[in-house]
Asks: 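Please see the structure below; I have some questions.
Below, all heavy atoms of this structure are taken into account, side chains as well, without hydrogens, waters or symmetry copies.
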Amino acid sequence: MTILPSAFYRRPTLTVARELIGKVFIRRLDDRLLRGRIVEVEAYHQNDDAASHSFRGRSARNDVMFRAGGLLYVYFTYGMHFCMNVVTEDEGVGAAVLLRAVEPLDGIDMMRVHRGAGKKDRELANGPAKFCQAFGIDREANGFPLDGSVVGIADAADVPSSRILATSRVGIRRSTDLPWRFLEKESPWVSPGRPSAIL
DNA sequence: CAGTCGATGTACT
DNA sequence: GTACATCGACTGG
């Protein structure tokens with residue numbers, strides 16, 4: 001398993017988003033290894049995307065989005081949840097890809113401790129805040145490099161484009177016309193969230 | 001199954 | 001004040 005280099009992330013955001021489907025997110029925690037196969041993501045960009053945190057320019061909250069690709073951007077929302085993104089493109093460009101759902105691979109027992117006993121495997125990480133909770137990601141991880149030391153993404157076989165679906169994004173009110181959500185077709189591990197518009 | 005709604009902190013107007 | 005890249009509990013069918 002090779003950890004994706006920073007050059008992977010320093011490319012157009014939509015390309016990175018599509019190629020992240022099928023890759024394996026890795027998290028080291030307390031001498032344990034948590035792994036999950038990415039099945040759903042969304043792209044966000046400062047340009048032409050009013051739903052992006054970076055749309056109105058750089059600020060204390062979104063600063064990490066404007067740094068060079070290859071970092072984790074974690075934000076707090078709805079008073080109780082965290083969501084994580086991978087930062088893309090070059091320094092000065094505010095763009096990232098939201099990681100929305102993974103298929104749990106390793107450390108499922110630890111994920112269940114984080115999420116609460118009795119949760120079905122499908123409910124461990126089928127949504128951006130659930131994914132963060134299962135993998136023990138919170139504001140402390142904001143800005144962490146995706147180099148595999150604490151977090152990272154391992155390369156894996158490409159998912160053929162025939163098995164990738166693009167839809168509008170979930171849970172947003174602006175820029176609902178952009179088909180910037182990518183998911184693996186017919187995967188049981190994707191979030192139950194409904195797209196913001198029918199494309 | 002679908003639809004509704006409250007929780008609860010923070011960034012921004 | 002208001003909106004928020006959400007979730008889980010609850011309702012009714």
Asks: Mind checking the P distance from C:dT2 to B:dG6? Whole angstroms is fine.
Replies: 16 Å
Asks: B:dA11, OP1 or OP2 - any side-chain N/O from A:S59 closer than 4.0 Å?
Replies: no
Asks: Ignoring hydrogens and angles, does a donor from either the side chain of A:H53 or the base of C:dA5 sit under 3.5 Å from an acceptor on the other?
Replies: yes
Asks: Looking across every strand, which nucleic acid part, if any, lies under 4.0 Å from A:I172 by heavy atom: base, sugar-phosphate, or nothing?
Replies: sugar-phosphate
Asks: Counting side-chain heavy atoms from C-beta on, which of B:dA11, C:dC4, C:dG8 comes nearest to A:R61?
Replies: B:dA11
Asks: What's the closest nucleotide to the side chain of A:H81 if the choices are C:dA5, B:dT10, C:dT6?
Replies: C:dT6
Asks: Between A:V74 and A:L98, is there shared hydrophobic-cluster membership here, with clusters defined by ILVMFWY side-chain heavy atoms closer than 4.5 Å?
Replies: no
Asks: OH of A:Y44 versus P of C:dC4: gap in Å, rounded?
Replies: 12 Å
Asks: Check the side chains of A:S52 and A:Q46 for a donor-acceptor pair under 3.5 angstrom, ignoring hydrogens and angles.
Replies: no
Asks: Assess the residue pair A:Y75 and A:H53 against the criterion (ring-ring contact (aromatic ring centres under 6.0 Å, His included)); give the C-alpha distance rounded to whole Å, side-chain angles, the decisive distance to 0.1 Å, and a yes or no.
Replies: CA-CA 10 Å; A:Y75 67 89; A:H53 290 170; 4.5 Å; yes
Asks: Would you please confirm or rule out a distance under 4.0 Å between OP1 or OP2 of C:dT6 and any side-chain N or O of A:R100?
Replies: yes
Asks: Considering only B:dA11, B:dG3, C:dC4, which nucleotide approaches the side chain of A:R194 most closely?
Replies: B:dG3
Asks: I need the CG-P distance between A:N85 and C:dT6, as an integer number of Å.
Replies: 11 Å
Asks: A:L99 has an atom CG; how far is it from atom C1' of C:dA5, in whole Å?
Replies: 12 Å
Asks: Between A:R115 and C:dG8, is there a side-chain N or O to OP1/OP2 distance below 4.0 Å?
Replies: yes
Asks: Tell me whether the guanidinium CZ or amine NZ of A:R11 lies under 6.0 angstrom from the six-membered ring centre of A:F8 and within 45° of its axis.
Replies: yes
Asks: Partner of C:dA5 by Watson-Crick or G-U wobble geometry, both contacts under 3.5 Å, or none?
Replies: none
Asks: Side chains of A:T13 and A:T88: is there a donor and an acceptor less than 3.5 Å apart?
Replies: yes
Asks: Quick one: the side chain of A:Y75 and the base of C:dA5, do they pair up donor-acceptor inside 3.5 Å?
Replies: yes
Asks: Using atom OH of A:Y78 as one end and atom P of B:dA11 as the other, report the distance to the nearest whole Å.
Replies: 16 Å
Asks: In terms of the nearest nucleotide of DNA chain C, which residue is placed more toward the 5' end: A:K119 or A:Y73?
Replies: A:Y73
Asks: Under 4.0 Å between a side-chain N or O of A:R173 and OP1 or OP2 of C:dC4?
Replies: yes
Asks: In whole angstroms, how far is the P atom of C:dA5 from the CG atom of A:N126?
Replies: 19 Å
Asks: Map A:T77 and A:F131 onto DNA chain C by nearest heavy atom, then report which one ends up closer to the 5' terminus.
Replies: A:T77
Asks: What does A:A129 touch in the nucleic acid at a heavy-atom separation under 4.0 angstrom: a base, only the sugar-phosphate, or nothing?
Replies: sugar-phosphate
Asks: Would you mind reading off the distance between A:D177 atom CG and C:dA5 atom P, rounded to a whole angstrom?
Replies: 16 Å
Asks: Expressed as a whole number of angstroms, how long is the span from A:R174:CZ to B:dC12:C1'?
Replies: 11 Å
Asks: Please work out which of the three classes, parallel, tilted or perpendicular, describes the rings of A:F82 and A:F76, given edges at 30° and 60°.
Replies: tilted
Asks: By nearest atom, which of the nucleotides B:dG3, C:dT6, B:dT8 is closest to the A:M80 side chain?
Replies: B:dT8
Asks: Measure the distance from NZ on A:K120 to P on C:dG8 and round it to the nearest whole Å.
Replies: 13 Å
